[in-house]
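What follows is a set of notes on a single structure, which appears directly below.
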Amino acid sequence: MGSALATLFVGLIVGAVARLLMPGDQKIGWILTCVLGVAGSFLASTAGQAMGWYGPGQAAGWIASVLGALALLFIVGRLMRGQS
């Protein structure tokens, strides 16, 4: 339970950091940015556990979370660009 809360907290901050690092103009709001940060943090935690980098219930670190959020932000940006 504590790990999920830590991942959620880290994800909120990570979303903002990823958005600042991503070049170009993202046409998404701050709520979706935070959601992508949380999802990126969970993605990094899950992928890291699957690869054996983290133990069961252990959350990903800041750098891995930012990378996960950047990947999701890139994918969502591409998907939204195709709708325009």
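Listed by chain and residue number, Ala44, Tyr54, Ala60 satisfy the side-chain contact (heavy atoms from CB on, under 4.5 Å) test with Ala64 (two or more places apart in sequence, or in another chain).
With hydrogens and angles ignored, the 3.5 Å screen pairs a side-chain donor or acceptor of Ser45 with a backbone N or O of Ser41.
To the nearest 0.5 Å, the span separating OG on Ser65 from CG on Leu70 amounts to 11.0 Å. Taken from CG in Leu72 to CG in Leu79, the straight-line distance is 10.5 Å, to the nearest 0.5 Å. To the nearest 0.5 Å, atom OG1 of residue Thr46 and atom CE of residue Met51 are 11.0 Å apart.
Linking Ile, Leu, Val, Met, Phe, Trp and Tyr residues whenever their side-chain heavy atoms come within less than 4.5 Å leaves Trp62 and Trp53 in two separate clusters.
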Got a list of side-chain donor-acceptor pairs under 3.5 Å for residues 13-24, not counting sequence neighbours?
| unit_1 | atom_1 | unit_2 | atom_2 | d |
| --- | --- | --- | --- | --- |
| Arg19 | NH1 | Ile28 | O | 3.0 |
| Arg19 | NH1 | Thr33 | OG1 | 2.8 |
| Arg19 | NH2 | Gln26 | O | 3.1 |
| Arg19 | NH2 | Ile28 | O | 3.0 |

